[in-house]
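Reviewing the structure listed below.
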Amino acid sequence: MVNSQEILKIKDLEKSFDGVPVLNRLTLTVKRGEVLVVIGPSGCGKSTLLRCLNGLEPVNGGQIVFEGQILTSFQTSWSRVRQRIGMVFQNYELFPHFNVLENILLGPVRVQGRKKSEALEKAEFWLNRVGLWDRRESFPRQLSGGQKQRVAIVRALAMDPEIMLFDEVTASLDPEMVREVLDVILNLAKEGLTMIIVTHEMAFARAVADRIIFIDQGVIVEDSPPETFFENPATDRARRFLNIFQFDGVQRGSRGTGPKTVPVRL
Amino acid sequence: MDFEFITARAPLFGQAARLTVTLAFWGIIFSSAVGLVCAVIRFYRVPLLRQAAAGYIELARNTPLIVQLFFLYFGLPRLGVVWDGETCAIAGLTFLGGGYLAEAFRGGLSAVGRGQIEAGLSIGLNRFQLLRYVIIPQALAVALPAISAAVIFLMKETSVFSIVALPDLMYVAKDLLKEGYSGESNLMLVASYLVVILPVSLAFGYWERRLRFAGFGS
Amino acid sequence: MLDSALSIFRTGRNLARLMEGLGITLQISAAAVGLSLLLGIPAGLLMAGRRPLIPKLLRLYLEIIRVMPILVLLFLFYYSLSRFLNINLSAMTVSVLVFTLWGTAEMSDLVRGAVSSLPRHQWESGRALGLNEMQVSLYVVFPQIVRRLLPGIINLTTRMIKTTPFVFFINLPDLLKVGQQIVEVSGIRNPLSSVWVYGFIFAVYFAICYPISLLSRYLELRWQS
């Protein structure tokens with residue numbers, strides 16, 4: 001599905017909070033249809049990267065070019081750009097005073113000025129796809145975490161975005177609900193939607209990614225296909241990070257010896 | 001109890017109640033406008049205006065209405081600003097109420113989560129749409145108990161308007177006291193205020209319960 | 001300009017009389033707050049309790065007091081009650097009585113709110129540590145309730161102070177009434193006297209209430225985290 005057309009180019013991106021650098025001249029190119037999974041230790045800047053891409057965080061330096069348009073300029077109309085870049089948050093952030101359908105239609109109808117019937121048709125299509133059409137009248141508080149997150153994904157998809165950003169979308173979910181959300185994203189990947197996914201679900205990352213981007217201390221340490229990254233990481237830092245998810249070397253009673261380096265089998 | 005006296009003087013109370021309601025209505029409308037402007041200024045942290053709003057709110061909230069009215073009605077004319085009783089009453093109530101409602105609105109606004117605002121931005125809402133569809137509905141629901149308390153408080157505060165020579169309920173009651181019918185006149189006074197304030201209080205209570213059952217509490 | 005202001009406060013005992021008026025204002029507030037605490041805390045505990053009837057009655061009392069302007073209550077007690085009961089109540093007594101009736105209602109609601117907002121697991125975890133009922137109340141519950149309560153009590157105090165000028169209407173020589181008398185006397189010779197005197201009273205109320213409200217906010221912020 002990946003074609004060679006570049007949809008997003010990030011060059012020397014810099015971002016700091018109160019003088020503490022979070023992104024350090026980060027450079028990255030995303031092609032249309034590509035699925036990037038961004039992983040790294042917490043505080044490494046991966047969420048900040050996503051938030052810079054749709055203007056939720058102003059950047060301190062560098063350039064972001066989206067479909068030939070420079071986003072890191074003063075004249076950027078973020079409202080326009082955000083209609084083309086969908087984002088899903090860790091804590092769902094559905095609007096609690098709107099029901100499911102109203103949450104989904106707000107963007108297409110009020111922002112994009114589409115006909116309500118047309119937007120409704122699209123909402124029905126997507127809600128059916130995620131199995132929630134019969135919950136369309138429900139309010140967010142009546143839904144489970146997994147259902148809320150699926151609605152949040154539909155809310156972003158309803159705008160027909162060209163690229164989707166997922167910011168640790170399963171991190172707040174109970175374990176049994178993680179799968180239903182990840183399945184939705186996996187299906188989107190199969191259809192060739194361009195996506196940048198920040199996650200801690202390593203098995204999922206391996207299954208869904210075309211490329212794994214490993215970030216540490218604000219720079220891209222590794223950028224490789226999932227097989228390479230998980231089986232044969234090039235750097236020590238990546239290897240140490242992957243070990244956090246392994247328990248093979250840890251045995252009861254042998255605490256203190258520390259985990260051994262074990263190749264990832266997922 | 002002299003019921004003849006009561007029926008004879010009831011129209012007086014009716015008229016006075018109408019005046020009280022009218023003054024309270026305009027005072028509260030203007031207070032809401034002032035309060036909303038101050039709250040939004042503080043929410044968006046507009047420089048300079050923000051400090052001015054904070055200073056005004058402290059002044060309004062830490063001084064009694066009756067003293068504000070004495071200053072407006074008896075002090076200002078000596079400085080060349082002559083306002084009639086009604087203007088003073090509405091201006092005073094607005095000065096006081098603006099501070100109270102600003103605090104109520106601010107409480108609501110600050111309860112809207114950063115994530116909600118970002119979610120609104122992420123689907124492309126502009127500033128105005130964000131206020132209209134995301135921030136205000138949620139802030140209002142949170143602020144409603146405080147707004148309700150402020151509105152009831154302001155309606156009760158109107159009881160001092162007779163000092164700027166307005167024929168309101170207290171004025172009429174005081175007048176009738178001189179005729180020696182204190183029991184009857186006070187009874188009508190209490191009844192009039194119940195008729196004026198109780199429906200507002202009940203309406204707010206109903207509204208609060210309805211909002212609580214609607215989509216909130218995720 | 002400034003001369004005219006100074007002359008008013010220097011004339012005769014004007015400043016001293018204003019301070020006496022302020023004394024009355026503060027006496028009423030202090031007495032009412034004290035009595036409201038005394039009556040409001042048990043009332044609030046009753047409201048938080050599970051007995052079926054008493055909380056409802058107290059609630060009704062609270063709602064009635066809340067919709068009635070304090071001024072109406074002052075009129076009612078000053079002009080009607082004394083005649084009805086055939087006793088002579090001084091304006092001071094009536095003021096303290098009315099402010100206490102109001103304060104008790106508000107105080108009981110504050111106490112009820114503080115007690116019922118305390119999560120149940122605070123009692124449970126106290127007991128789980130092996131503390132007995134008395135110890136849980138003393139070491140776990142009481143300090144937390146005081147923290148929840150104190151900002152509200154301080155806030156109620158400023159509300160009472162700001163409501164005291166209502167006693168003007170029943171001819172008690174409080175700060176405002178004294179101010180008015182001074183303006184009446186000196187207004188003929190000194191046309192700006194109303195500006196200075198009422199401006200002064202405005203400033204006095206602010207100087208008293210603002211620090212107290214700052215304290216309340218400070219405690220609220222400090223104990224929130």
Side-chain angles (χ1 to χ4, degrees), chain B residues 20 57-79 81 96 148-149 152-153 155-163 168-170 173-174 176-178 180-187 189-202 205, chain C residues 4 25 63-64 66-84 102 155 158-159 161-170 175-176 179-180 183-184 187 190-214 217:
Chain B
T20 295
I57 290 167
E58 294 304 339
L59 268 188
R61 286 176 59 92
N62 287 299
T63 50
L65 174 64
I66 184 169
V67 177
Q68 295 166 9
L69 286 175
F70 262 77
F71 189 81
L72 289 178
Y73 193 68
F74 300 107
L76 277 193
R78 303 297 174 155
L79 297 171
V81 183
L96 178 81
S148 151
I152 301 294
F153 166 71
M155 294 192 75
K156 284 158 62 178
E157 285 286 300
T158 60
S159 61
V160 302
F161 283 168
S162 61
I163 59 137
D168 75 337
L169 285 166
M170 293 307 298
K174 215 174 166 184
L176 294 187
L177 280 177
K178 289 180 201 144
Y181 289 90
S182 78
E184 288 82 353
S185 109
N186 273 332
L187 187 74
L189 184 65
V190 169
S192 306
Y193 270 108
L194 279 181
V195 167
V196 169
I197 300 181
L198 205 56
V200 180
S201 168
L202 292 175
Chain C
S4 79
T25 297
E63 294 299 335
I64 290 172
R66 274 206 176 144
V67 294
M68 250 324 116
I70 306 300
L71 199 46
V72 173
L73 295 177
L74 282 174
F75 260 51
L76 208 59
F77 281 80
Y78 189 64
Y79 292 110
S80 294
L81 194 75
S82 46
R83 199 163 303 182
F84 186 67
W102 169 47
N155 196 27
T158 66
R159 283 169 64 200
I161 294 173
K162 281 180 287 177
T163 315
T164 47
F166 281 11
V167 302
F168 173 91
F169 281 83
I170 55 172
L175 184 59
L176 188 62
Q180 192 200 29
V183 169
E184 266 170 18
N190 190 342
L192 280 180
S193 61
S194 59
V195 178
W196 297 123
V197 172
Y198 296 136
F200 174 75
I201 296 173
F202 185 87
V204 166
Y205 271 102
F206 184 75
I208 295 171
C209 294
Y210 182 55
I212 303 179
S213 71
L214 278 186
R217 212 174 316 157

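Atom set for the values below is all heavy atoms of this structure, side chains included, hydrogens, waters and symmetry mates excluded. Per chain, numbering begins at 1; letters A, B, ... match sequence-line order.
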For this session: Compare all side-chain heavy atoms of C/Ile161 with those of C/Tyr205 and state whether any distance is below 4.5 angstrom.
Result: yes

Exercise. Could you give the distance from NZ (B/Lys174) to CG (B/Asp168), rounded to the nearest 0.5 Å?
Worked result: 10.0 Å

Problem set entry | Geometric class of the C/Tyr198/B/Phe74 ring pair [parallel <30°, tilted 30-60°, perpendicular >60°] | tilted

Seminar exercise, completed: Comparing C/Ser194, C/Ala203, C/Pro69 against chain B, the one with the most heavy-atom pairs below 4.5 Å turns out to be C/Pro69

For this session: Give, as side chain, backbone, both or neither, the part of B/Ser159 having an atom under 4.5 angstrom from any heavy atom of chain C.
Result: both

Exercise. With a 4.5 angstrom heavy-atom cut-off, which part of B/Ser162 approaches chain C: side chain, backbone, both or neither?
Worked result: side chain

Problem set entry | Top contributor to chain B interface from C/Thr158, C/Leu73, C/Leu176 [non-hydrogen pairs under 4.5 Å] | C/Leu176

Problem set entry | Among the listed options B/Leu65, B/Leu194, B/Leu169, the residue most often paired with chain C at heavy-atom distances under 4.5 Å | B/Leu194

Exercise. Relative to chain C, which of B/Leu198, B/Leu177, B/Ile152 shows the most heavy atom pairs under 4.5 Å?
Worked result: B/Leu177

For this session: Run the salt-bridge test on B/Glu157 and C/Lys162 with the 4.0 Å N-O cut-off and return the result as yes or no.
Result: no

Problem set entry | Sub-6.0 Å ring centroid separation between C/Tyr79 and C/Phe169 | no

